[in-house]
Amino acid sequence: MNGSSEAIAAPPTKAGGNVRWVICALLFFATTINYIDRQVIGILKPTLQNELGWSEIDYGMIVFWFQAAYAIGLLACGPIIDKVGSKLGYAAAITVWSLAALVHAFVRSPGGFAAARFALGLGESANFPAAIKSVAEWFPKKERALAAGILNAGANVGAIATPIVVPLIALNYGWQAAFFITGLLGFIWLAAWLTFYRAPEKHPRITPQELAYITSDQENHAGTATIPWRQLFRRRATWAFVLAKFLTDPVWYLFLFWLPDFFAKRHGLDLKTFGPPLIAVYLLADVGSIGGGWLSSALIKRGYSVNAGRKLALLASAILVTPIVFASTVSSLFSAVAIIGVAAAAHQGWSSNLYTMVSDTFPRTSVASVMGIGGAAGAVGGMIMARYVGQVLETVGSYVPVFLWAGSAYLIALLLVHLLVPNLETAVPVAATED
């Protein structure tokens, strides 16, 4: 047997370096900033409604236009990032969304906020396609779910930091300062990203052993077999991801944009008091994000197939969401926070494995495109959710119908995923031109 065959037969078992985890830390902080900028308006919703006279439908419209731009941006940004690469794509995205975040400080009308949110949505749409593409480039399959879970935990850290920092800024300096100061964070991250990020094979700090470890369980075609964008829609794995995102992303948007309002309406909290419940929810979500990624990675390392490991983790997450149907009926704030916190943790564990499913079933050169398509579907679901919640609150005045729907979405999504892609490891043919 020749030397090449022996190298393939005996892949390295130790990484021999940690550059990939520094990259993961950068992705984590980008996602943190992404969610801080996204969530500021949800924290300030009661304040802005009182000061600027918005109705529930006005706020729903503002959220709707963010989701619309997010959907448009995701469809456009995936192919662009696959073409220009993670480094330039990420840099352009965070520049756009940070400028848009700053603009919020200078507008007053619902239309002005809708325009600012539209620009924010366009920029923020590139975060996860670029991040998951970077994970596919920098991590072997056995570590991808954990890496995705860690970067996805940035969303929860952002959601934790926002109710701590934003009320302090708004109460002391005004709501305009909250938008302006948080908008500046992205430019600090941008400098670090441009300085440090390179592709693995070009990075000056990576060791040969770590590079070999990263590529040890990647197929030979993984970095080169590009699937044309239009052909992605002919893949069952694409539709599995699309439908799962369409059904479950709106639940996360519900947490981001309406949870402060839920605590205000149902439990009488305000800008000074709803911080601790929100922090508790997103701390649990952090545990779920990393725990969900760890679970499937641990199962795979213990001998489960990639298909079984991912789907068992998805099933556990889906089951843990279901108690949210009771969140609006319990009278105890503690019980409501516990139920919603477990559901948020389960959603993030779900997302960590759903994202990784894309890198399991598509070559690295198509990951951002598939992420964009699925993310757009999730944003469309979020648009529907925004209009639906606004109408329900304006007419019914209760969150009960919303939580009833949220509790069933994940099990339905998992069933569709399994029917469309019974085996994640063989869902996508290797050749890009095959049907």
**Student:** Within the side chain of R266, is there an N or O that forms a donor-acceptor pair under 3.5 Å with the backbone of V330?
**Tutor:**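 Yes: the side chain of R266 pairs with the backbone of V330.
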**Student:** Any donor and acceptor pair, going by atom type alone, linking the side chain of N34 with main-chain N or O of A30 inside 3.5 Å?
**Tutor:**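 No.
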**Student:** Apply the test side-chain contact (heavy atoms from CB on, under 4.5 Å) to residues H347 and Y410: give CA-CA distance (whole Å), side-chain angles for both, the deciding distance (0.1 Å), then the verdict.
**Tutor:** CA-CA 9 Å; H347 172 88; Y410 295 81; 2.6 Å; yes
**Student:** Do Y253 and V63 touch side chain to side chain, with heavy atoms closer than 4.5 Å?
**Tutor:** no
**Student:** Tell me whether F196 at atom CZ has more than 12 heavy atoms from other residues, nucleotides or ligands lying less than 6.0 Å away.
**Tutor:** yes
**Student:** Within a strict 4.5 Å, meaning less than it, do heavy atoms of the L102 and F187 side chains meet?
**Tutor:**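 Yes, close enough: below the 4.5 Å cut-off.
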**Student:** Taking it one step at a time, do F113 and D58 satisfy side-chain contact (heavy atoms from CB on, under 4.5 Å)?
**Tutor:** CA-CA 10 Å; F113 270 90; D58 286 334; over 6 Å; no
**Student:** Among T32, T162, I94, L120, whose side-chain contact (heavy atoms from CB on, under 4.5 Å) with D37 holds?
**Tutor:** L120
**Student:** For F326, look at atom CZ and say whether over 12 heavy atoms of other residues, nucleotides or ligands are found less than 6.0 Å away.
**Tutor:** no
**Student:** Is the shortest side-chain heavy-atom distance between E143 and R20 below 4.5 Å?
**Tutor:** yes
**Student:** Between W189 (side chain) and L26 (backbone), is there a donor-acceptor pair under 3.5 Å?
**Tutor:**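 Flag set: sc W189 to bb L26 pair under 3.5 Å.
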**Student:** Would you mind reporting whether F403 and L254 have side-chain heavy atoms less than 4.5 Å apart?
**Tutor:**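 Yes, side chains in contact.
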**Student:** Hey, could you give me each pair passing salt bridge (Lys or Arg N to Asp or Glu O under 4.0 Å) that has a residue in residues 239-264? Not counting sequence neighbours.
**Tutor:** K45-D261, K245-D249, D261-K265
**Student:** State, to 0.1 Å, how close I57 and Q391 come at their nearest heavy-atom pair, and which atoms those are.
**Tutor:** CD1-NE2, 4.1 Å
**Student:** Could I get the full list of side-chain contact (heavy atoms from CB on, under 4.5 Å) partners for T31, not counting sequence neighbours?
**Tutor:**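 Here the qualifying residues are Y35, Y90, N127, F128, L151, A155.
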**Student:** Is the centre of the W405 ring less than 6.0 Å from the centre of the Y399 ring?
**Tutor:** no
**Student:** If you take all heavy atoms of G309 and Y304, which pair is closest and at what distance?
**Tutor:**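 Heavy atoms only, the tightest pair is N-CB, 4.4 Å.
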**Student:** Checking K311 side chain against P422 main chain: does a donor-acceptor pair fall under 3.5 Å?
**Tutor:** yes
**Student:** Could you check whether any side-chain heavy atom of L232 comes within less than 4.5 Å of a side-chain heavy atom of S369, counting everything from C-beta outward?
**Tutor:**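 Result yes, sub-4.5 Å side-chain heavy-atom pair found.
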**Student:** Give a yes or no on whether the backbone of M357 and the side-chain of R144 come within a donor-acceptor separation of less than 3.5 Å.
**Tutor:** no
**Student:** Shortest non-hydrogen contact from L354 to L314?
**Tutor:** N-CD2, 4.1 Å
**Student:** Is the closest side-chain heavy-atom distance between I62 and F66 below 4.5 Å?
**Tutor:**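 Of all side-chain heavy-atom pairs linking F66 with I62, none is under 4.5 Å.
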**Student:** Taking all heavy atoms of G349 and all of S317, pick out the closest pair and write down the distance.
**Tutor:**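 That closest heavy-atom pairing would be C-OG, 3.6 Å.
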**Student:** Less than 4.5 Å apart, any side-chain heavy atom of F246 and any of I384?
**Tutor:**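 Answer yes - side chains close enough.
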**Student:** Checking F241 against V421 for the side-chain contact (heavy atoms from CB on, under 4.5 Å) test, could you report, in this order, the C-alpha distance in whole Å, the side-chain angles of both residues, the deciding distance, and whether it holds?
**Tutor:** CA-CA 10 Å; F241 185 63; V421 191; over 6 Å; no
**Student:** Passes side-chain contact (heavy atoms from CB on, under 4.5 Å), R117 versus H104? Steps please.
**Tutor:** CA-CA 8 Å; R117 298 302 287 179; H104 285 69; 2.8 Å; yes
**Student:** For D286, is there any backbone N or O sitting under 3.5 Å from a side-chain donor or acceptor partner on S289?
**Tutor:**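 Pair absent, no side-chain N/O of S289 close to backbone of D286.
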**Student:** Do side-chain atoms of R236 reach the backbone of L420 as a donor and acceptor pair under 3.5 angstrom?
**Tutor:** yes
**Student:** How close do W239 and F233 get, counting heavy atoms only, and between which atoms?
**Tutor:**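 Scanning both residues completely, I find the closest heavy atoms to be NE1-O, 2.6 Å.
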**Student:** With a sphere of 6.0 Å drawn around CH2 of W65, does it hold more than 12 non-hydrogen atoms of other residues, nucleotides or ligands?
**Tutor:**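 Not more than 12 within 6.0 Å, no.
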**Student:** Do side-chain atoms of T182 reach the backbone of I36 as a donor and acceptor pair under 3.5 angstrom?
**Tutor:** no
**Student:** Students often mix this up, so state it plainly: with edges at 30° and 60°, are the rings of F180 and F106 parallel, tilted or perpendicular?
**Tutor:** perpendicular
**Student:** Can you classify the ring geometry of Y197 versus W193 as parallel (below 30°), tilted (30 to 60°) or perpendicular (above 60°)?
**Tutor:** parallel
**Student:** Using a 4.5 Å cut-off on heavy atoms from C-beta on, say whether the side chain of F255 contacts that of V281.
**Tutor:** no
**Student:** Return the set of residues passing side chain to side chain donor-acceptor pair (under 3.5 Å) with S98 (not counting sequence neighbours), or none when no residue passes.
**Tutor:**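 In terms of side chain to side chain donor-acceptor pair (under 3.5 Å), with neighbours along the sequence ignored, S98 is linked to no residue.
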**Student:** Quick check: does any side chain N or O of T195 sit under 3.5 Å from a backbone N or O of A191, one acting as donor and the other as acceptor?
**Tutor:**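 Looks like yes, one N/O pair under 3.5 Å.
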**Student:** Using every non-hydrogen atom in the two residues, find where I279 and P163 come nearest and quote the distance to one decimal.
**Tutor:**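 Nearest heavy atoms, I279 then P163: CG1-CG, 4.1 Å.
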